[in-house]
Amino acid sequence: MCRPQAGKSEGKKPAGSKDELEYEFMGPWIGPLGIMAGLPAVCYALVYTCNAKGCSALLGPAAWPVFPEGTKLFTAEALAVFVGWFCLQVLLHLLLPGPSEQGVLLANNRRLRYKLTGVRNLGVTLAVVGYFGFYTQQLNLAWVYINFLPLLSAAVLFSFALSACLYVTSFRKGALLAKGGNTGNHLYDFFIGRELNPRIGSFDLKEFCELYPGLIGWLVVDLGMLQKQWQDLGYISTPLLLVCAFQGLYVLDALWLEKAILTTMDITTDGFGFMLAFGDLAWVPFTYSLQARYLVDHPRTLSSWAVAGILALKALGYLIFRGSNSQKNAFRQNPEQPSVRRLKTITTASGRRLIVSGWWGIARHINYFGDWLMAWAWCLPCGFDHIVPYFYVIYFGALLVHRDLRDGHACALKYGKDWDRYCAIVKYRIVPLVY
Ligand code: NDP
């Protein structure tokens, strides 16, 4: 669900392709190479530039993390913990009961079934971590803070190794390939993902990685930060509490509505390669937890007014995000149900209708706007001393603009002139009255 993205290229078509395929991400070489080197570099730069020593957007006074002596860039212990964590989530997913849902119709005219145990995995993990980490304190969660750097290295290595396995196994007979990941260019296909739904039996690796180890892992990293601050100060500050609660709600929301991921582009269209694997397993847990890590290194207080304002912003963002996503989902499931039947719509030549009132009459991606407001609410508790904690809100704004353009392009192809008609009625893209 949460991969980092760069721009779509108008680069040349893949050699030998009969389809109207375009290379995304600035073509087959520069973009993939740049992103595969650049994204891990950004993850490390956020640790090296912003840590207990200082927090500067440039490699300057803070340019070496202040962790206890002996902390290394890579340790076998951190790698073992990361792999153990991944295996634990697999095990819980396989053992816990959960509803089974059908995915969309695939190019081979088949539908896959998915076992959904996201909320249960989260519940069991939180119960274990809460009991041993906070109640009996036998589990030192602050270990995550101390070993942040080697854990990040483990996640980066694991993502590359997993992507290599996915790439190699995608050549087996009968594998269903993603349309955009089968260009014949090894580097590009490795990067973008060659196989659409790699599975071991009924265990779907892509859906699992999208939601389980990375998202739940992000929350556990946040909890590690909570415990570190508790150990340092003897209390947990309001800003850190807000950040952890907001991000926890976001993760819970994604897992609670796990079924919704089955119709997203990530699952239905994109192959599973480095881009998604790295985004899910390294990028999300180690960059999205930046605000919590920052607040451990730079504890601060907030006035009651600031707390009230941030809470109100989060509530507004969540209302827009959840309201709009639920409205569209309900409409797509059954447009006659009472909650959506009065919405105004236009009918397209394909027979599919587009909503032009309610949330979707305000902006074409009003759901992105709500998401972005929530991103602000995660960053504002960090105050205004440094810009680095605002990395998420800046990166995410760019990601959402790119995603909006990508989806607009796809909808223009899908709906033709009807999409122009829709755009003439709903003028704003993401931010009402502004963009
Ligand atoms: P959307 O949920 O916005 O879905 C886009 C699709 O919705 C279109 O392709 C179209 O498909 C349908 N649609 C668009 N307009 C209308 C309309 N007016 N009426 C009816 N259907 C319409 O896309 P995403 O999957 O990108 O985003 C899902 C959520 O995930 C968002 O809330 C986003 O903020 C969040 N997200 C979070 C990220 C993170 O890292 N935290 C990263 C990316 C996304 P069709 O017509 O075929 O149904």
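Just follow the structure's listing: the first ligand is 1, and inside any ligand the first atom is 1.
Here's the thing with Trp419: none of its N/O atoms is less than 3.5 angstrom from an N/O atom of ligand 1. Considering both main-chain and side-chain atoms, Thr264 never comes within under 3.5 Å of ligand 1 through any nitrogen or oxygen pair. Ligand 1 has no nitrogen or oxygen under 3.5 angstrom from a nitrogen or oxygen of Phe396. Taking only nitrogen or oxygen atoms, main chain and side chain alike, Arg364 does not reach within less than 3.5 Å of ligand 1.
A donor atom on one side chain and an acceptor atom on the other are not found under 3.5 Å apart for Tyr23 and Asn185. For Tyr415 and Arg352, the side-chain atoms include at least one donor-acceptor pair closer than 3.5 Å.
Aromatic rings from Phe286 and Phe148 are positioned such that their centres are separated by under 6.0 Å. The distance between the ring centers of Trp419 and Tyr422 falls below 6.0 angstrom. The six-membered or imidazole ring of Tyr395 lies near that of Trp283, with a centre-to-centre distance under 6.0 Å.
Within the 3.5 Å criterion, the main-chain N or O of Phe321 finds a donor-acceptor partner in the side chain of Ser324.
Arg421 has a carboxylate O that lies under 4.0 Å from a charged side-chain N of Asp418, or vice versa, which qualifies the two as a salt bridge.
Under the 4.0 angstrom criterion for non-hydrogen atoms, Ala410 is not in contact with ligand 1. Ligand 1 does not have Met265 within reach: every non-hydrogen atom of the residue lies 4.0 Å or more from it. For Tyr250, the closest heavy-atom approach to ligand 1 falls below 4.0 Å.
Residue Phe321 approaches ligand 1 through these ligand atoms, each under 4.0 Å from one of its heavy atoms: 32 (O). Taking every heavy atom of Asn325 and a limit of under 4.0 angstrom, the matching atoms of ligand 1 come to 2 (O), 31 (C), 32 (O). Residue-ligand proximity, Tyr422 to ligand 1, at heavy-atom distances under 4.0 Å covers atoms 18 (N).
Only the side chain of Tyr392 comes within 4.0 Å of ligand 1, judged by heavy-atom distances. Neither the backbone nor the side chain of Thr345 comes within 4.0 Å of ligand 1, counting heavy atoms alone. Contact annotation: for Asp371 versus ligand 1, heavy atoms closer than 4.0 Å belong to the side chain alone. Contacts of Asp407 with ligand 1, taken as heavy-atom pairs under 4.0 Å, involve the side chain alone. Counting heavy atoms under 4.0 Å from ligand 1, residue Arg332 touches it through the side chain alone.
Remark: among candidates Arg322, Arg403, Gln327, Met374, the nearest residue to atom 25 (O) of ligand 1 is Arg403, based on non-hydrogen atoms. Considering only non-hydrogen atoms, atom 15 (N) of ligand 1 lies nearest to Trp360 out of Phe331, Trp360, Tyr288, Tyr395. For atom 26 (O) of ligand 1, the candidate residues are Tyr368, Phe369, Tyr415, Trp359; the nearest heavy-atom contact is made by Tyr368.
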Using the rule given for ring-ring contact (aromatic ring centres under 6.0 Å, His included), can you reason through Phe331 versus Trp360, listing the C-alpha separation, both sets of side-chain angles and the distance that settles it, and then say yes or no? CA-CA 11 Å; Phe331 183 79; Trp360 296 87; over 10 Å; no
Step by step, would you call Phe208 with Phe86 a ring-ring contact (aromatic ring centres under 6.0 Å, His included)? CA-CA 10 Å; Phe208 172 79; Phe86 189 91; 5.5 Å; yes
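Atoms CG and CG, from Leu126 and Leu223 in turn, are 6.5 Å apart once rounded to the nearest 0.5 Å.
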